[in-house]
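Whatever order the structure lists ligands and atoms in, that order sets their numbers, starting from 1.
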Amino acid sequence: MAKVILPDEGSLEVTGKPLLDLLKERGLTGAAALHDGELRDLRDPLPEGGEVRVVTPKDPEGLEVLRHTASHVLAHAVRRLYPGAKLAIGPAIADGFYYDILFPQPVSREVLPAIEAEMRKVIKENLPIERVWLSREEARELLDSQGEKYKLELIAEISDDKISFYRQGEFIDLCRGPHLASTGQVKHFKLLDVAGAYWRGDPNRDMLTRVYGTAFPTEQALQEYLKWREEAKARDHRVLGPDLDLFSIQNEKIGAGLVLWHPKGAWVRHQIETFWKEEHYKAGYHLVYTPHIGRAHLWQQSGHLDFYKDGMYSPMDIEGQAFYLKPMNCPFHIAIYKTRTRSYRDLPIRLAELGTVYRFERSGVLHGLLRVRGFTQDDAHIICRPDQIEEEVQGCLDLALRILGAFGFTEFRVALSVRDPAHKEHYIGSDEMWEQAENSLVRALESKGLAYTRMEGEAVFYGPKIDVQVLDSLKRAWQLTTIQFDFNLPERFDMTYIGEDGREHRPYVVHRALLGSLERFFGILIEHYGGAFPVWLAPVQAVVLPVTDGEGEYAQRVAAELQAGGIRAEAWVGQKKTLGKMIREAQLAKIPYMLVCGAREAGQGAVALRLRTGQDLGPQSVEAVRDRILGAVYSKGAEL
Ligand SMILES: [Zn+2]
Ligand SMILES: [Zn+2]
């Protein structure tokens, strides 16, 4: 006997009968059953006792079932069109689904419309989807007869006696489910792209074709997603970066995951860094600079060579001693702390550095500026007394929200990672330290009125932390800020301060980064603004455009005047282009202000002001334009 909650919110007590039949009798459809957080196929016998909720594709769990079913429809269609195709795996993913397939011949995006058309046929046939249980031997024979070498490899790893398959019409596929009741329930789908993917992610094995698609419960939701996807594509920093001449990554010449900041990108970075430093100074931090390499001994003492070696590059030999590129800045900041005896009155000490670190990432996971091998963290370490931690954490949050807000991020998602209370032995540090630290994080979040998710057991072994994600202009979430306690390094480096009692005490150490890394943050900013940076960040803030060569000299004078006022301005003189063409180019370069000077404006010491939005504001004095630009810089807002 189990209590079943139906999609129409009705409920009933049921024994025996599979839910799928029950729903059919009532003219309802569902995607799967949710029991104790576990997703079950509607064809399965009901569990004994407890409550079962029938989910539909409108629920997140049911959406996954819809998309996974769509991946089977995709595989079915591919089988019909390419009889020799071999199937690997076809899961639902965050935005849709994919299927990894070995096609008999190489394919490109061009084949997607034909596959979609065949999928539509499979859907129109509305084939019932049945679950079939086969013995190991039967499963092997079936897959062998179809030449499904990848699936054979998969069943060799399943230890159960009975292996689950799903059948729709002539197509049968190894699968643990769950699935919708029939192919006709997949209605609103789209194939999106193809990409290469190694079988099992192993570069030594077959290269398969990953066909990406998505499916939604309604046509409207599908169309909205497709529109959103187009917008995201238009903002891709890997395209805008080179287009706007901001940065490049040259795998062949320089090396994968290593970023070259071009002059325009470097100007944006300079603004970010300057603002960051000023805000840190105001918040009582001290700036430090530390080397890019350090002796093996240092990384031994910090524990990096024991616990973080996979993320570090091979050592280099300098006069017989091994040195490593730094993967983190912490040991250097601690070394600065330890150059003096510190008293309780000296604390807190806040050391901040835009510190460039190098970490090993497999080439397969590198991604534009978002995942690189060398990057600059906006790092800081706060060393403080136990009675100061709450105020320090609050200070970090204040600073983080202020800085992120200046970059136009105003929506946040906060997670608090604490230890697993059932497994305290997995963590170092005393109960008292954990409680103090966790409470200080909670109280700081509450005092800011920040909603947060408490993640039990998600803390790393050496301390609890707060993570802050921001939502960008397309509502995508990006992890930026981390405030992390560390009970490990103070022990390892024997950090102390002299207390009021004249005795040595152990300080608390908090690592924190607000933007994460400048490279990744820049990538996110490019996408957030679609390359149209607000005035204070724009690499070129104003361009002066002469209508004819006759106004060239005047244009240069205007640009020089703006530059003298602290504005990044250029005059496009002697370009041999029409005014219309220059305006289009300036718009494509997303330059906020265009100052047009014809003979009349030159005669009056004026310019005609155009904005990159296309707005034409007509003639203005150069002073008025300068003040307008400086006002926009000062406000750091989006207004031009
Ligand atoms: Zn499946
Ligand atoms: Zn650190």
Please find the N/O/S atom of H381 nearest to the Zn ion (ligand 2) and write down its name.
NE2
If you count heavy atoms of other groups shown closer than 6.0 angstrom to CG of D161, is the number above 12?
no
Within 6.0 angstrom of H297 NE2, more than 12 heavy atoms from elsewhere:
no
Write the atom name of the N, O or S atom in H72 that is nearest the Zn ion (ligand 1).
NE2
Atom of H68 closest to the Zn ion (ligand 1), considering N, O or S atoms:
NE2
Metal site angle (apex the Zn ion (ligand 2)), SG from C330 and ND1 from H511, 10 degrees
110°
Taking the six-membered ring for Trp, are H72 and H68 parallel (under 30°), tilted (30 to 60°) or perpendicular (over 60°)?
perpendicular
Between Q436, E392, R385, Q388, which is the residue that forms a side-chain hydrogen bond (donor to acceptor under 3.5 Å, both in side chains) with Y508?
Q436
